[in-house]
Protein chains: 2
Amino acid sequence: MASGERLPSGAMDIHAEAEPLRLEGFLPYRLNMLATEVSQTLARAYGRKFGISIPEWRVLATLGQFGVMTARDIGGHSRMHKTTVSRAVAALEKRRLIVRRANRADMREAFLALTDAGTAIYHEIVPMARAFSDSLCAGLSETELRQMNTLIDKLAERVASLGNG
Amino acid sequence: MASGERLPSGAMDIHAEAEPLRLEGFLPYRLNMLATEVSQTLARAYGRKFGISIPEWRVLATLGQFGVMTARDIGGHSRMHKTTVSRAVAALEKRRLIVRRANRADMREAFLALTDAGTAIYHEIVPMARAFSDSLCAGLSETELRQMNTLIDKLAERVASLGNG
DNA sequence: ACTTGATCGTTTCAGCTGAAACAAACTGAC
DNA sequence: GTCAGTTTGTTTCAGCTGAAACGATCAAGT
């Protein structure tokens with residue numbers, strides 16, 4: 001554009017060429033960076049110590065919390081793909097950390113539960129995970145922690161409606 | 001344990017067997033769920049429309065923001081693995097959305113920049129991404145948005161120190 | 001009982017990811 | 001100039017992921 005032209009300030013720029021997006025200030029990007037870093041840091045900790053992958057930890061954690069469940073229920077609660085659950089369950093069963101019992105009332109599914117060895121590992125990982133989370137939140141006040149949880153809830157609700165609706 | 005035994009309430013349980021971890025109230029898990037959902041919802045939007053993957057979008061976004069950069073700079077800024085950058089750059093170059101110009105002062109690296117076609121797609125995706133983000137944040141007040149950003153900053157700083165230190 | 005359609009879980013397959021190995025190019029010490 | 005060590009970027013390879021196909025089972029209707 002000729003330098004002598006006079007325009008209502010910024011009027012043209014807005015329509016001809018949008019402002020570039022500052023990635024480092026973009027909420028979806030920031031959220032993803034943070035979550036990835038948090039997830040991987042924790043996963044490295046229990047991965048090194050117990051040879052457990054993220055999906056395997058989630059299966060352990062779900063069974064540790066709820067006791068007996070089917071693979072379907074585990075996937076539903078921890079939002080894992082059924083193939084991911086299937087493979088994590090197979091790996092954990094092979095290592096005898098969980099057992100599979102038939103459901104006579106419905107032979108398609110099976111009841112899964114922690115073995116003693118699985119329970120033992122679960123009770124080693126849980127304090128480690130809690131310590132990590134506590135240490136992560138150590139810089140936050142009680143109020144900020146409540147805020148964070150409220151905000152996550154609001155955003156989760158919001159994104160769910162955006163995805164479906 | 002024999003049912004008749006009398007114990008100080010809960011004294012043994014606390015040490016013998018930790019409380020099960022409620023996954024749905026566990027911050028690392030909650031953060032990861034939210035970020036995954038947000039990321040994938042946005043990625044589906046521009047993926048369907050332009051056939052662009054997440055790493056490709058990040059390369060486009062970084063070049064759109066900064067103009068000319070090397071692959072190394074892109075990786076550094078967007079925290080992508082160098083192999084991921086390499087492949088995204090190759091794909092975008094093949095589709096003529098970016099160009100590679102030699103750096104005569106250092107022939108190992110190359111200057112990357114958006115082509116006109118790349119700039120055009122960038123300027124189509126940016127408003128879409130902004131609209132998504134705005135819609136995501138629509139349920140949040142101005143104050144809550146500031147809080148969210150502050151909290152993400154604090155947690156990011158915290159997790160970085162936990163990972164390294 | 002038979003058929004249809006749905007559901008649970010596994011397997012197959014294609015694509016993505018990152019660690020490691022690698023080639024090419026640069027830097028600094030000698 | 002040459003050598004050793006570093007840096008940039010690509011390729012290879014092994015592992016993970018999810019869509020699709022599949023087998024097995026169940027439920028409902030006829």
Side-chain angles (χ1 to χ4, degrees), chain A residues 32-33 35-37 39-44 46-48 51-59 62-63 68-95 98-113 163, chain B residues 32-33 35-37 39-44 46-48 51-59 62-63 68-95 98-113 163:
Chain A
N32 203 50
M33 287 297 101
T36 300
E37 197 59 34
S39 227
Q40 286 184 353
T41 303
L42 177 55
R44 269 196 300 274
Y46 60 68
R48 262 202 309 271
I52 298 274
S53 72
I54 293 181
E56 284 163 26
W57 154 243
R58 285 192 181 161
V59 169
T62 308
L63 289 178
V68 177
M69 289 180 100
T70 66
R72 178 181 168 279
D73 293 334
I74 294 174
H77 188 263
S78 61
R79 307 256 190 110
M80 281 192 291
H81 195 275
K82 62 178 181 173
T83 61
T84 308
V85 175
S86 174
R87 285 186 272 247
V89 163
L92 292 171
E93 194 188 12
K94 196 171 183 181
R95 289 177 60 184
I98 68 177
V99 283
R100 193 192 303 253
R101 289 197 315 107
N103 175 10
R104 286 197 186 171
D106 185 345
M107 294 300 288
R108 291 172 303 181
E109 63 187 19
F111 294 131
L112 304 169
Chain B
N32 202 50
M33 285 297 101
T36 300
E37 197 59 33
S39 228
Q40 285 184 354
T41 302
L42 176 55
R44 268 197 299 276
Y46 61 67
R48 263 202 308 269
I52 299 274
S53 72
I54 292 181
E56 285 163 23
W57 153 243
R58 284 190 182 163
V59 169
T62 308
L63 290 177
V68 177
M69 290 180 101
T70 66
R72 177 182 168 280
D73 294 335
I74 294 174
H77 188 263
S78 61
R79 308 257 188 107
M80 279 192 292
H81 195 275
K82 62 178 181 173
T83 61
T84 308
V85 175
S86 175
R87 286 185 272 247
V89 163
L92 291 171
E93 195 189 12
K94 196 171 182 181
R95 290 176 59 183
I98 68 177
V99 283
R100 193 192 302 253
R101 287 195 318 106
N103 175 13
R104 287 196 185 171
D106 187 344
M107 293 301 289
R108 290 172 304 183
E109 61 187 21
F111 295 131
L112 304 169

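Order of the sequence lines sets the chain letters (A, B, ...), proteins ahead of strands, with each chain counted from 1.
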Exercise for the section: Report yes if a side-chain nitrogen or oxygen of A/Arg72 is closer than 4.0 Å to either non-bridging phosphate oxygen (OP1 or OP2) of D/dT25; otherwise report no. Expected result: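 A/Arg72 to D/dT25 OP1/OP2: no side-chain N or O under 4.0 Å.
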Exercise for the section: Verify the contact: side-chain N or O of B/Thr83 to OP1 or OP2 of C/dT17, cut-off strictly under 4.0 Å; return yes or no. Expected result: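 No, because none of the side-chain N or O atoms of B/Thr83 sits under 4.0 Å from OP1 or OP2 of C/dT17.
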Practice task
Would you check, one step at a time, whether the test side-chain contact (heavy atoms from CB on, under 4.5 Å) holds for A/Ile52 with A/Arg95?
Solution key: CA-CA 11 Å; A/Ile52 298 274; A/Arg95 289 177 60 184; 3.8 Å; yes
Practice task
Mark yes or no for whether B/Thr62, through its side chain, and B/Arg58, through its backbone, hold a donor-acceptor pair below 3.5 Å.
Solution key: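 The answer is yes, because a donor-acceptor pair under 3.5 Å joins these two groups.
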Practice task
Return yes if some donor-acceptor pair links the side-chain N/O of B/Thr41 with the main-chain N/O of B/Glu37 below 3.5 Å, else return no.
Solution key: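 Yes; at least one donor-acceptor contact below 3.5 Å.
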Given atom [atom1] of [X] and atom [atom2] of [N], what is their separation to the nearest angstrom?
X	N	atom1	atom2	answer
B/Arg48	D/dA19	CZ	P	13 Å
A/Lys94	C/dT10	NZ	C1'	15 Å
B/Lys82	C/dC16	NZ	P	20 Å
A/Gln40	D/dG15	CD	P	18 Å
A/Ile54	C/dG18	CD1	P	12 Å
A/Arg79	D/dG18	CZ	C1'	17 Å
B/Glu109	D/dT7	CD	P	13 Å
B/Ile74	D/dT10	CD1	P	11 Å

With respect to the side chain of [X], which nucleotide from [options] is positioned closest?
X	options	result
B/Arg108	C/dA24, C/dT10, C/dT17	C/dA24
B/Pro55	C/dT17, C/dT11, D/dT11	C/dT17
A/Thr84	D/dT17, D/dA21, C/dT17	D/dT17
B/Met107	C/dT17, C/dT12, C/dA25	C/dA25
A/Asp106	C/dC8, D/dC26, C/dT11	D/dC26
A/Ala71	C/dG9, C/dC13, C/dC26	C/dG9
A/His81	D/dA19, D/dA21, C/dG18	D/dA19

Practice task
Identify whether any heavy atom of A/Thr70 sits under 4.0 Å from a base atom; if not, whether one sits that close to sugar-phosphate; answer base, sugar-phosphate or nothing.
Solution key: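 Sugar-phosphate only.
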Practice task
Have a look at A/Ala90 and say if it touches a base, only the backbone sugar-phosphate, or nothing, with a 4.0 Å heavy-atom cut-off.
Solution key: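 Touches nothing.
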Problem - Intermediate values then yes/no, side-chain contact (heavy atoms from CB on, under 4.5 Å), B/Thr36 and B/Gln40 - result: CA-CA 6 Å; B/Thr36 300; B/Gln40 285 184 354; 3.7 Å; yes
Handout entry: 5' priority, DNA chain D, between A/Met80 and A/Asn103 [closest heavy atom]
Key =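 Its nearest nucleotide being more 5', the pick is A/Met80.
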Exercise for the section: Decide yes or no, distance alone: a donor-acceptor N/O pair under 3.5 angstrom between the base of C/dG9 and the side-chain of A/Arg87. Expected result: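 Under the 3.5 Å cut-off, the side chain and the base do not form any donor-acceptor pair.
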Problem - Spacing of A/Asn32 atom CG and B/Ile54 atom CD1 [to the nearest 0.5 Å] - result: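 Interatomic distance, A/Asn32 CG to B/Ile54 CD1, rounded to 0.5 Å: 7.0 Å.
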Problem - Residue closer to the 5' end of DNA chain C, B/Ser53 versus B/Arg104 (nearest nucleotide) - result: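 Going by which nucleotide is closer to the 5' end, it is B/Ser53.
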Practice task
State, to 0.1 Å, how close B/Ala71 and B/Leu112 come at their nearest heavy-atom pair, and which atoms those are.
Solution key: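 It is N-CD1, 3.8 Å.
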